[in-house]
> 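This is the structure, below, for whatever I ask next.
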Amino acid sequence: MRGLKPDWLSDPKVWRTEVLAGLVVALALIPEAISFSIIAGVDPAVGLFASFTMAVVIAVVGGRRAMISAATGAIALVIAPLNHEHGLGYLVAAVILAGVFQIALGAVGVAKLMRFIPRSVMVGFVNSLAILIFMAQVPEMSGVPWPVYPLIAGGLLLMVFFPKVTTVVPAPLVSIVVLTAITIGAGIAVPTVGDKGELPSALPAPGLPDVPFTLDTLKIIAPYAFAMALVGLMESLMTAKLVDDITDTRSSKTRESIGQGVANIVTGFFGGMGGCAMIGQTMINVKVSGARTRLSTFLAGIFLMVLCIAFGPIVSDIPMAALVAVMVMVSVATFDWHSIAPKTLKRMPAGELTVMAVTVAIVVATHNLAIGVIVGSLTAMVIFAKRVAHLVDVTSVADPDGGRVVYAVTGELFFASSNDLVTRFDYTGDAEHVAIDLTDAHIWDASTVASLDAIETKYAQRGKTVEIVGLNPPSAKMHGTLSGELSGSH
């Protein structure tokens with residue numbers, strides 16, 4: 001920022017980068033929005049309107065600059081059954097309710113849960129996304145006329161080598177323009193954007209969803225709306241964190257959560273299918289085109305509608321091969337190649353590699369990023385709990401006079417580590433007085449207190465007394481509150 005002016009107002013170079021980045025994203029958004037509309041079972045205009053309103057609104061109210069939000073495959077998959085069973089009116093009502101849920105979740109601090117997502121899950125998320133982006137292009141490369149393949153290869157070569165000549169114009173834009181000119185000029189018959197569906201010819205008009213405003217309607221849409229809210233927030237927050245890392249800047253995840261909700265509410269009132277952050281388009285904007293401000297996001301939405309309404313016939317002639325080449329380049333740029341380098345694989349702990357592999361496998365199998373992240377995070381927690389459980393140690397020291405035994409317990413005591421604590425004591429052979437020293441330990445949960453109670457009970461059955469010493473204040477408080485209250489035997 002220079003003074004109170006945004007960078008793009010005071011620096012022509014930044015302005016040019018943002019404008020061209022927005023144009024490239026808009027071109028790439030059109031076929032994707034149409035494809036996602038088909039997945040959701042709605043008219044292509046519904047997906048295109050959603051991409052327009054999501055991008056324009058989130059540019060103003062979102063928390064992460066330069067991130068692109070639009071209609072997405074993840075959201076389409078969640079709400080497709082609702083549309084098939086009850087129709088577009090219910091889908092639109094669910095989008096509005098999902099926005100309300102997202103604002104509520106953002107307000108109560110759901111973004112703070114991001115800290116519980118380990119780095120190995122994040123790497124798995126990025127790699128699986130790169131694989132999904134590539135897999136989405138495979139249908140466009142199978143069963144097509146042979147000229148498609150040299151066109152894709154030519155597009156990739158242009159994007160690799162053109163930046164060595166100049167970076168003034170984004171290479172993906174050059175690739176799209178050149179390939180379109182070749183196919184039109186030479187009259188090459190290949191699949192085009194127009195083959196995906198008809199582009200809208202007018203702006204969307206606001207209105208209420210065509211549903212009865214009753215409790216029954218709420219019961220139908222609420223489960224879908226809540227699922228959409230969660231999937232949308234998870235994908236958006238993960239993408240925001242990724243952009244934070246790429247740009248080495250911080251963003252407000254709470255503002256992003258609430259912003260996603262506002263954007264979905266607006267999108268619903270304009271008859272769109274809803275959406276969330278798009279990692280593929282965001283990578284085109286941030287990593288490939290070098291955009292860094294809200295202007296690129298805003299213009300991506302504006303250009304999308306201008307291209308559809310004013311330049312529909314020209315956009316319809318863009319060969320799909322050009323956009324496939326762009327998305328293949330994005331998938332290659334998105335994948336974290338360092339994470340699978342032999343040197344990295346040798347040094348990385350087996351648990352970390354397992355978590356990354358599980359995340360990738362689940363996302364690729366389900367095509368659902370949210371499920372992959374949840375399963376990956378749970379796997380990481382189980383591995384962590386197992387690892388920490390082995391760090392608990394129990395050693396015994398007998399007093400010189402033989403009247404007392406002191407057990408020193410070290411480590412973090414919680415359900416995984418304290419379950420076998422009961423087996424570490426010699427109930428029959430020990431002296432009449434036993435001291436359990438927890439100076440170098442910490443009690444984390446009720447399971448540990450129950451284990452300590454069980455140890456005291458076993459000694460008491462043999463007429464022996466137990467004294468627990470060395471508790472730190474939080475552990476003493478938990479033990480004092482719960483001891484004797486967790487079993488019917490006390």
Side-chain angles (χ1 to χ4, degrees), residues 32-33 35-43 46-55 57-58 61-63 67-108 110-111 113-114 125 129 132 208-211 217-240 253 256-281 363 366-374:
E32 290 215 348
S35 300
F36 299 146
S37 300
I38 293 164
I39 291 170
V42 297
D43 191 75
V46 176
L48 289 162
F49 289 157
S51 295
F52 162 60
T53 52
M54 286 295 298
V57 175
I58 207 70
V61 299
M67 190 165 80
I68 304 295
S69 289
T72 62
I75 297 299
L77 286 168
V78 170
I79 57 175
L82 177 63
N83 181 60
H84 293 316
E85 287 175 36
H86 299 280
L88 182 61
Y90 283 85
L91 182 152
V92 170
V95 170
I96 295 168
L97 184 58
V100 174
F101 282 144
Q102 285 178 329
I103 291 172
L105 288 167
V108 299
V110 74
L113 294 175
M114 282 297 291
F125 166 81
L129 216 51
L132 286 186
L208 292 171
D210 183 19
V211 293
T217 300
L218 185 63
K219 283 179 187 172
I220 291 168
I221 66 171
Y224 293 98
F226 193 65
M228 178 186 159
L230 289 178
V231 169
L233 279 185
M234 191 171 291
E235 196 158 336
S236 299
L237 293 175
M238 293 287 279
T239 306
K253 306 300 182 293
E256 184 60 43
S257 303
I258 294 169
Q260 287 289 330
V262 172
N264 271 307
I265 290 171
V266 172
T267 297
F269 281 120
F270 276 93
M273 60 182 266
C276 62
M278 295 187 80
I279 191 150
Q281 308 300 337
V363 172
T366 63
H367 283 234
N368 190 316
L369 294 160
I371 294 173
V373 169
I374 290 167

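Atoms considered below: every heavy atom in the structure, side chains included; atoms not considered: hydrogens, waters and symmetry mates.
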> Less than 4.5 Å apart, side chain to side chain, heavy atoms only: is that true for F49 and D43?
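No. Closest side-chain heavy atoms not under 4.5 Å.
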> So how far is it from I221 CD1 to I96 CD1, rounded to the nearest 0.5 Å?
8.0 Å
> With no hydrogens and no angle check, is any side-chain donor or acceptor of S51 less than 3.5 Å from a backbone partner on A70?
no
> Measure the spacing between CG of L233 and CE of M228 and express it to the nearest 0.5 Å.
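L233 CG to M228 CE: 10.0 Å, rounded to 0.5 Å.
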> Looking at every non-hydrogen atom in both residues, tell me the closest pair between V211 and A93 and how far apart they are.
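Closest pair (atom of V211, atom of A93, distance): CG2-CB, 4.1 Å.
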> Testing the basics here: between M273 and F36, what is the closest heavy-atom pair and its distance to 0.1 Å?
CE-O, 3.7 Å
> Report yes if the side chains of L208 and F269 come closer than 4.5 Å at any heavy-atom pair, otherwise no.
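A side-chain contact exists here, since the closest heavy-atom pair is under 4.5 Å.
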> Do V57 and V262 have side chains that get closer than 4.5 Å, going by heavy atoms?
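They are in side-chain contact.
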> Could you tell me if the side chain of L230 sits less than 4.5 Å from the side chain of L105, heavy atoms only?
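Side chain of L105 against side chain of L230, heavy atoms only: contact under 4.5 Å found.
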> Could you tell me if the side chain of L218 sits less than 4.5 Å from the side chain of L97, heavy atoms only?
yes
> So, for S37 and L48, which heavy atoms are closest and what is the spacing to 0.1 Å?
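Distance-wise, the nearest heavy atoms are OG-N, 4.5 Å.
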> F226: what forms a ring-ring contact (aromatic ring centres under 6.0 Å, His included) with it, not counting sequence neighbours?
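Expected list: F101.
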> Quick one: which residue pairs count as a side chain to side chain donor-acceptor pair (under 3.5 Å) with a foot in residues 257-275, not counting sequence neighbours?
T53-T267, S69-Q260, Q102-N264, S236-Q260, E256-Q260
> Can you confirm whether M278 sits close enough to E32 that some side-chain heavy atom of one is under 4.5 Å from a side-chain heavy atom of the other?
yes
> Out of curiosity, I58 CD1 to C276 SG, how far, rounded to the nearest 0.5 Å?
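SG of C276 is found 10.0 Å from CD1 of I58.
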> How many angstroms lie between atom OH of Y224 and atom CG of L91, to the nearest 0.5 angstrom?
10.5 Å
> To the closest 0.5 Å, what do you measure between OG1 (T366) and CD1 (I371)?
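Reported value, rounded in 0.5 Å steps: 4.5 Å.
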> Which atom pairs, one a donor and one an acceptor, fall under 3.5 Å between side chains of residues 74-90 and the rest of the protein, sequence neighbours left out?
| residue | atom | partner | partner atom | Å |
| --- | --- | --- | --- | --- |
| N83 | OD1 | L88 | N | 3.3 |
| N83 | ND2 | A40 | O | 3.0 |
| N83 | ND2 | G41 | O | 2.9 |

> Do V61 and I258 pass the side chain to side chain contact (heavy atoms under 4.5 Å, CB included) test, and can you show the C-alpha distance, the side-chain angles, and the key distance before you say yes or no?
CA-CA 8 Å; V61 299; I258 294 169; over 6 Å; no
